[in-house]
Amino acid sequence: MMPDRAAGLAESVRALADGEVTSRTLVEQALARIEATQPTLNAFRVVRAEAALAEADAADRELAGGARRPLLGVPVAVKDDMDVAGEPTAFGCRGDFPPVAQDGEAVRRLRAAGAVIIGKTNTCELGQWPFTEGPAFGETRNPWHTGHTPGGSSGGSAAAVAAGLVPAALGSDGAGSVRIPASWTHLIGIKPQRGRISTWPRGESFHGITVNGTLARTVADAALLLDAAGGNHERDPHRPPALTVSEAVGRDPGRLRIALSLKPPFTAVPARLRPEVRDRILEVAERLAASGHAVEEADPPYGQIGLTFVPRATAGIADWVRESPDPALLDPRTRGAARLGRLLGGAPLRAARRAEAVLHRRIGAFFESYDVVLAPTTAAPPPAIGALSRLGGLATDRAMIAACPYAWPWNVLGWPGVNVPAGFVGEGLPVGAQLLGPANSEPLLVALAAQLEAELRWHELWPPREADMDSAVV
């Protein structure tokens, strides 16, 4: 009988190495789960059924011969902004995108670790919004309540992992696009240090604000996938010092000074933390204090950091639009952002890049007093399907900033952040908390997240089963 949910990443690795299961079996089960849920969840843009089964058979031959690699034979998914040889990289867009010839560096490293790439997950158009909907592929839905979005832009990866279709998946995070869907689907989402996981063939994705990250149900699985995908192409401009993040899982983080930051960073329009979300974040803060950490309210000195974000984000959209096979098919909001990006792509972009060093010094000084920042990942629970996707440009921006004002500053800084589940609000909708640190602090953040996980046991909760999900569709 087919398991209706995937085992975890580490558990799958162990079971394969011990001969308890074959890679073909795991891949066949994952393909069956994807097929069964695609009409409801719509997590995948591309399913590599035939290729994945062939890769599974090759992995089984390796396993039978005694070979061992970190993810040998385990099916994982990647977001559809990453190149997978033989598949198009449509990045949520309509149009006739040709298959790419080579894997991107992160995918190449996953394959080198032995992973089976089972498919590419849905993302909103060019990763711009915290929902995963669009005319190119339809609506990707939240396994916890299918009337709501799983978030975005890595919403397909989040939905696939939260529903147990695959044990873990890669996403990308340019303004919270790993952490936001992780928070809204009750997952661990690691946004690593810029350059930790290569974005090659784009040495700097969205002018350095976008990084690749991991989504999983447990801290250990998210860290394992990070280590497997991590590393650099020889031409990468950002090459942080090597880390084995998995080694921090289970390590005592020590007594930390934690800044509880509830105030939204600088935004051009009002943003207010919903009281019910605030309550969940305060519960996480209380748990950390009960574990012996010193927790006090304090906000990093963000200043007008938003002025450095917009040129990089919109110029990055303009870059992608130039490569689109048919720009006329793109969302009017995308074309408007690209026009702005072309205006800001000269001197304003250069000024935004220069400002990063100043921000590093100013906000880095905050970490002389504190070790970690605890902040909401979002200001609100996941919106209903269609609530944001059907708005015009300015209304979308206002709604997006109101719901998600907390994540993007760490993209400007290029520093690590980890979403951890913070509980549920309303009709059982998940929300999350961010653990944020300075440069190269993934081990500290992972150790702290694992300490919380050992107490809160969030990974033991699952979304409703498929039969129950159907009744929630609106």
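For Tyr370 (side chain) and Gly437 (main-chain N/O), no donor-acceptor pair under 3.5 Å exists by modelled atom type. Of the possible donor and acceptor atoms, one in the side chain of Arg48 sits under 3.5 Å from a partner among the backbone N and O of Ile117. A donor-acceptor pair is defined here as one N or O able to donate and one able to accept, closer than 3.5 Å; no such pair exists between the side chain of Arg272 and the backbone of Ala402. Listed for the Trp184 side chain is a donor-acceptor partner under 3.5 Å among the backbone atoms of Ala380. For Thr37 (side chain) and Arg33 (main-chain N/O), a donor-acceptor pair under 3.5 Å exists by modelled atom type.
Stacking of Arg108 on the aromatic ring of Trp200 is not recorded, the 6.0 Å distance cut-off and the 45° axial limit not both being met. At least one test fails for Arg179 against the ring of Trp410: distance under 6.0 Å to the centre or angle within 45° of the axis.
Using a 4.5 Å heavy-atom cutoff, the side chains of Arg312 and Val412 are in contact.
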Evaluate the criterion salt bridge (Lys or Arg N to Asp or Glu O under 4.0 Å) for residue pair Glu87 and Lys120; output intermediate values, then yes/no. CA-CA 9 Å; Glu87 308 293 347; Lys120 303 185 74 178; over 6 Å; no
Run the side-chain donor-acceptor check on residues 155-166: report pairs under 3.5 Å with partners two or more places apart or on a different chain.
residue	atom	partner	partner atom	Å
Ser157	OG	Thr121	OG1	2.7
Ser157	OG	Leu170	O	2.8

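Every residue meeting the salt bridge (charged side-chain N to carboxylate O under 4.0 Å, His left out) condition with Arg353, not counting sequence neighbours, appears here in chain and number order: Glu204. Qualifying ring pair (Phe, Tyr, Trp, His ring centres under 6.0 Å) partners for Phe97, counting only residues two or more places apart in sequence or in other chains: none.
The two residues Arg141 and Pro150 come nearest to each other via the heavy atoms C-CD, 3.7 Å. Smallest separation of non-hydrogen atoms from His186 and Trp458: NE2-O, 2.9 Å.
Aromatic pair Trp415/His360: centroids less than 6.0 angstrom apart.
Side chains of Thr334 and Glu125: a donor on one and an acceptor on the other come within 3.5 Å.
Within 6.0 Å of atom CD in Gln102, 12 or fewer heavy atoms from other residues, nucleotides or ligands are found, so the atom counts as exposed in its surroundings.
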